[in-house]
Structure formats: structure tokens, C-alpha cells
Engineer: 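If you scroll down you'll find the structure; I have some questions about it.
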Amino acid sequence: MSAVTFPPGFLWGAATAALQIEGAAMADGRGPSQWDTFCAQHPECIHERATPAIACDHYHRWSEDVAWMARLGHNAYRCSISWSRLLPEGTGPLNEPGVRFYAQLFAALRAARITPLVTLYHWDLPQPLADAGGWENPATLAAFVEYAKTCHTLYGHHVTDWVTINEAAWTTLQGYVTGLHPPNRRSDYRAAMQVATHFLIAHARVAAALHARQPEARVGMAMNLSPVYPTTDNDNDRQAAAIADGFFNRWFLEPLLLGRFPADVVALLEKHGLQPTIPAADRVLLAAPSLDFAGVNYYYPHHVSAAADATEYHLNTSGRRDEACKFAIAGLFRFVANPRGRYTEWAWEVHPEGLTELCCRIHDLAPTLPIYVTENGIGRQEELIDGTVDDTERIEFVRAHLVALHRAIAAGANVRGYFMWSLLDNFSWINGFKKRYGFLFVDRQTQNRYAKRSAWWFRDVIRHNGFINTL
Ligand code: BG6
């Protein structure tokens with residue numbers, strides 16, 4: 001038995017994203033985002049043809065949800081602002097009901113002593129900007145900076161911690177390589193590298209703009225990071241793993257933490273004529289680290305083999321354990337299943353040690369940089385029985401990841417908070433609503449919320465700022 005105690009002032013809470021919980025998609029002047037359009041135009045791409053139109057109806061139930069957070073002892077909450085609710089055109093006039101919605105939400109969080117950590121972009125690009133070329137178009141970056149400044153003007157008195165972009169790597173990958181998310185482009189590697197780099201530029205510009213307005217504002221990014229392991233010790237597999245690590249992790253970690261791009265990835269892009277365009281002024285911005293904190297979204301690791309004859313992409317959206325996720329780029333690398341691994345119903349490997357490694361890796365690159373786990377959690381198929389859900393599997397998942405996180409802290413990583421994904425069972429993108437992630441079970445018919453066992457367990461963890469590890 002050992003005490004797993006976290007540093008004083010540790011932030012404990014859950015994470016959500018606007019599109020996944022708010023609903024009220026057409027209400028009070030909100031404009032459509034690329035996800036509303038995609039779900040409406042391609043229902044066959046979403047499990048059971050679900051849409052985010054109602055989601056968890058958080059737009060109307062936000063005060064109940066804040067009350068739940070308070071009841072569950074949370075002292076922090078990561079959420080996102082819907083750009084389309086604030087600025088329906090992406091630029092131009094403000095939508096007053098949207099302005100009021102977030103003002104009320106942030107004020108209520110502060111009143112409940114819950115620190116908001118606010119994401120500016122969690123994939124829901126306003127449709128007019130998507131129509132004009134989305135994140136490939138430099139005009140979107142300019143619009144994003146204006147939107148960020150607007151958010152700061154409106155809410156800077158309540159919000160000090162800003163996450164510019166959620167999972168630049170994942171949204172680029174699914175939008176431009178697998179084509180599973182909007183804008184649904186497949187194997188467009190040129191666009192992917194440009195967009196991934198535009199996200200870095202957008203982040204750096206917003207960080208500079210917010211710091212110029214308020215030096216004590218803290219600006220970070222939520223990065224989807226995964227340890228990448230070669231499947232064997234042979235040189236080919238090791239090299240393939242290094243390339244995958246370069247694209248998925250280092251393309252983001254190195255500019256953000258060290259102010260440089262990874263030389264091996266740059267050389268590979270040059271070899272294939274895929275270098276992104278970076279304006280001179282942005283090169284200067286990117287040459288300096290630009291994070292006040294690193295946000296780590298961690299779900300699972302990658303195991304990589306060099307044996308990649310064919311390009312192949314598939315994500316398990318059904319929750320059937322035998323439906324494997326596939327990702328391979330011919331001639332570069334293939335992700336393979338770990339024969340010794342434990343997997344969730346959606347075929348995501350459960351590997352808590354990865355969280356220790358990622359936080360220690362950030363600590364090695366930037367020793368004092370504060371780190372928040374901005375997402376970590378497990379999707380399950382769940383049923384409400386006697387008003388609750390016995391989600392022991394989630395408790396074990398979170399407990400194991402907190403033990404792993406504590407190891408990173410003991411090794412010197414400056415970890416300051418943990419946000420479980422998610423507060424509510426929500427719209428899980430192409431998985432629809434079958435994949436449940438919440439501390440709170442949401443009844444899809446009534447929208448009533450019910451605390452799962454994990455919610456009460458987590459409340460006790462927060463009360464003690466840790467727990468006794470009996471394993
Ligand atoms: C992250 C996203 O990729 O993982 C969340 O930031 C998302 O928005 C979460 O919901 C889990 O992924 P999924 O696809 O299972 O919902």
C-alpha cells in the first residue's frame with residue numbers, strides 16, 4: 001500500500017467540447033460548423049446516423065451541469081467555446097445570446113470555485129470559413145486570432161488559462177489523411193502538413209496576441225500524444241517508429257517546446273516536395289517556445305512495424321472488440337495491435353505507463369513547464385441500473401493512469417492537473433452516442449443526468465488530493 005498524493009493546488013475536473021455537449025445547434029442565432037454540415041450531409045459516416053443537434057442539451061442545462069461539478073467536488077473544468085455560437089460567420093458581428101451563454105457559464109464556474117480551462121478550437125470550424133478553404137486558407141488563421149481576441153475581451157476577467165487548439169495532430173490526420181472527419185480529404189499529405197503547420201502558427205499568433213494584452217494569461221495547446229514503440233528491435237521497425245513519432249508527436253512538441261522543427265521530418269518532407277509554406281514573420285514566432293503549459297491528451301500508445309505494403313485506414317466505431325483499428329501508410333509504417341495488450345471495446349489499448357513516459361518526455365524537453373492532462377478516459381457501452389452505472393472498469397482505468405501520472409511527478413515532471421474525458425456521455429464524433437465517456441450517464445430520451453460509480457470515487461480522490469494505492 002502506498003499513498004498517491006498530488007501536489008498542493010492540483011486541478012481536478014473533467015473535460016468537454018462544445019459541439020459534443022451543447023446541442024441547441026440552430027438555437028439563438030448559432031451558425032453551422034463543419035461538423036453540423038458533415039453530419040447532416042453524410043449521416044452514413046456516423047454510427048447510427050447520430051447528430052450533435054441536441055447532444056446533451058448543455059446549452060439549456062448548463063447550470064445543472066455546473067451544480068453537478070460542484071457536487072462532485074471538481075475544482076476545475078475544461079470546456080470549449082463554440083466559435084459558431086459566438087461568431088456565426090466566423091468573422092463579423094457577434095451573436096449576443098452566444099456571448100451571454102458563455103458569460104453566464106464562466107461566472108457560474110467562478111462562483112462555484114471551479115477554475116475554467118477554455119479551449120478556443122475543438123474542431124467545430126464555422127461553416128463559412130470551411131467553405132472558404134478551412135485551415136488551408138491563411139485567412140482562417142487571421143480569423144482565428146480575431147476570434148481569440150474577442151474571447152479574451154469578453155471573458156478574460158473570468159478565464160486565465162486558454163487552450164488554443166485541441167489535438168492539432170488528430171484533427172489534421174482525420175481531416176486530410178483518413179478522410180473520416182471533415183473536410184474528409186483522403187491521403188492529401190500536402191494539405192495535411194500545411195494544416196498541421198497552420199495550427200502551430202495559429203497557436204503562436206494567439207499566444208503572442210493574448211500575452212500582449214495580458215501578460216499573466218496562460219496559453220497552452222492540448223496535444224494528442226502517444227508513445228510510439230517499434231514492434232521489433234530491427235532497424236526497419238525502429239526507423240518506421242521514429243518516423244511515426246516524428247509526424248504524430250515531434251512535429252508539435254519540438255516547435256512548441258523548443259522552437260524548432262524536427263530535422264528528420266523536415267528532410268523527409270523536402271525529399272517528397274511536401275514542405276509547408278511558412279511566412280517569414282511566423283518563422284520568427286515559431287523559433288521561440290510558445291507554451292505556458294502543455295496539455296496532454298492521452299488515450300493509447302502506437303506499436304509500429306515497417307511492413308506497410310498498402311495504405312489503409314479504419315477506426316472502430318461500433319464498439320465490437322473484434323473490429324480492429326487500422327492505420328498504415330504504404331512504404332512508411334503500419335500500426336499493429338499489441339499481442340500482449342489489453343484493449344477497450346473500441347479496440348484502444350489500455351497502457352497507463354504511456355502517461356508516465358509522455359509527461360517525463362515533456363519534462364526532459366522543458367524541465368519546468370507546467371503540464372495538465374487535458375484528456376484521459378475510456379469509452380464504454382453502459383446501461384443505467386437502479387439509477388447508476390457500475391463502471392468499475394473506468395475507476396480502474398483512471399486509478400491506473402493517476403498512479404502513472406504520480407510516477408511522472410515523482411520523476412520531476414511539473415504536472416498541475418488532471419481532466420478526465422468526460423463530464424457527460426456525449427456526441428463521440430463518428431461513434432455517435434454509443435460510446436459513453438462520462439462521469440455522468442446521460443439518458444438520451446430525457447436528458448437526465450445520473451452519477452456513475454466513478455463520479456463518487458473521483459470525488460473522494462479530490463477530497464484527499466489522492467488515494468491509497470492498494471495494488
Ligand atoms: C479526443 C478528443 O480525441 O478524444 C475528444 O479531443 C474525443 O473530443 C475523445 O471525444 C475520445 O475520442 P472519441 O472519438 O472516442 O470520442
Side-chain angles (χ1 to χ4, degrees), residues 13-22 33-35 38-39 45-48 50-52 55-56 58 77-82 117-125 163-175 177-178 180-182 199 220-226 248-249 252 294-302 313-321 323 325 327 343-350 354-355 358 372-382 394 397-398 401 418-440 442:
T16 63
L19 186 107
Q20 296 180 269
I21 63 165
E22 285 181 7
S33 75
Q34 61 176 358
W35 267 94
F38 169 53
C39 296
C45 296
I46 316 285
H47 186 69
E48 291 171 345
T51 82
C56 307
H58 172 76
Y77 174 48
R78 174 178 174 229
C79 59
S80 79
I81 293 176
S82 158
L117 185 80
V118 175
T119 307
L120 293 166
Y121 181 70
H122 201 123
W123 309 352
D124 44 358
L125 188 67
V163 170
T164 50
I165 288 152
N166 181 67
E167 298 195 352
W170 183 257
T171 187
T172 304
L173 175 77
Q174 306 303 349
V177 178
T178 69
L180 296 170
H181 289 191
F199 281 131
M221 217 183 191
M223 299 172 280
N224 57 292
L225 298 174
S226 292
F248 287 92
N249 296 323
F252 304 93
V296 176
N297 288 8
Y298 174 60
Y299 289 90
Y300 56 84
H302 300 309
Y313 316 122
H314 180 72
L315 264 181
N316 176 330
T317 57
S318 67
R320 286 201 335 261
R321 282 184 197 272
E323 188 189 331
C325 299
F327 185 80
Y343 283 83
T344 70
E345 289 165 301
W346 272 265
W348 290 12
E349 187 180 357
V350 179
L355 190 55
L358 293 171
Y372 294 113
V373 176
T374 33
E375 283 182 34
N376 173 239
I378 178 169
R380 306 177 68 238
Q381 301 184 52
E382 296 176 322
R394 177 168 294 107
F397 182 97
V398 174
H401 284 80
Y418 175 90
F419 295 85
M420 209 284 285
W421 184 268
S422 182
L423 179 68
L424 304 153
D425 294 339
N426 58 45
F427 176 72
S428 182
W429 310 109
I430 58 174
N431 306 301
F433 291 103
K434 187 171 180 183
K435 194 175 188 184
R436 292 179 178 266
Y437 276 100
F439 278 135
L440 299 174
V442 178

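Start at 1 and go down the list; that is how both ligands and their atoms are numbered. The shown structure was predicted, so the numbers you read here are calculated from the model rather than taken from an experiment. For the single chain, residues carry numbers from 1 onward in sequence order.
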Engineer: So does Phe427 get a backbone contact from the side chain of Gln20, meaning a donor-acceptor N/O pair under 3.5 Å?
Structural biologist: yes

Engineer: Considering non-hydrogen atoms of the protein only, which is the closest contact for atom 7 (C) of ligand 1, and what is the distance?
Structural biologist: Trp429 NE1, 3.5 Å

Engineer: Check each heavy atom of Phe427 against ligand 1 and say whether those closer than 4.0 Å belong to the side chain, the backbone, both or neither.
Structural biologist: neither

Engineer: Counting from 1, what ligand 1 atoms have a heavy atom of Lys435 closer than 4.0 Å?
Structural biologist: 15 (O)

Engineer: Side-chain contact, heavy-atom cut-off 4.5 Å: Ile430 with His181?
Structural biologist: yes

Engineer: With atom 16 (O) of ligand 1 as the reference point, say which of Gly377, Ser428, Gly432 has the nearest heavy atom.
Structural biologist: Ser428

Engineer: Please list the nearest protein heavy atom to atom 15 (O) of ligand 1 with its residue and the distance rounded to 0.1 Å.
Structural biologist: Tyr437 OH, 2.6 Å

Engineer: So that I know where these two stand, are Tyr418 and Tyr372 an aromatic pair - ring centroids less than 6.0 Å apart?
Structural biologist: no

Engineer: Give yes if a backbone or side-chain nitrogen or oxygen of Trp348 is under 3.5 Å from a nitrogen or oxygen of ligand 1, and no if not.
Structural biologist: no

Engineer: What I want to check is whether the side chains of Thr119 and Arg78 have a donor and an acceptor closer together than 3.5 Å.
Structural biologist: yes

Engineer: Taking the non-hydrogen atoms of Trp346, is any one of them nearer than 4.0 angstrom to ligand 1?
Structural biologist: no

Engineer: Does some non-hydrogen atom of Asn431 fall short of 4.0 Å from ligand 1?
Structural biologist: yes

Engineer: Just going by heavy-atom distances, which of Gln20, His181, Glu167 is nearest to atom 3 (O) of ligand 1?
Structural biologist: Glu167

Engineer: What residue among Asn166, Thr374, Ile165 forms side-chain contact (heavy atoms from CB on, under 4.5 Å) with Met221?
Structural biologist: Ile165

Engineer: Whether the Glu375 and Tyr299 side chains hold a donor-acceptor pair (N or O, under 3.5 Å, no angle test) is what I'd like checked.
Structural biologist: yes

Engineer: Please tell me if the side chains of His58 and Glu22 come closer than 4.5 Å, counting only heavy atoms from C-beta onward.
Structural biologist: yes

Engineer: Which part of Asn426 is near ligand 1, with near meaning a heavy atom under 4.0 Å away: side chain, backbone, both or neither?
Structural biologist: neither

Engineer: With a 3.5 Å cut-off and no angle check, do the side chains of Tyr77 and Thr16 form a donor-acceptor pair?
Structural biologist: yes

Engineer: Looking only at protein heavy atoms, which one is nearest to atom 5 (C) of ligand 1, and how far off is it?
Structural biologist: Glu375 OE1, 3.5 Å

Engineer: Out of all atoms in ligand 1, which are within 4.0 Å of some heavy atom of His122? Include the element for each.
Structural biologist: 2 (C), 5 (C), 6 (O), 8 (O)

Engineer: Is the closest side-chain heavy-atom distance between Cys39 and Pro52 below 4.5 Å?
Structural biologist: yes

Engineer: In terms of residue, atom name and distance, what is the protein heavy atom nearest to atom 9 (C) of ligand 1?
Structural biologist: Tyr299 OH, 3.4 Å

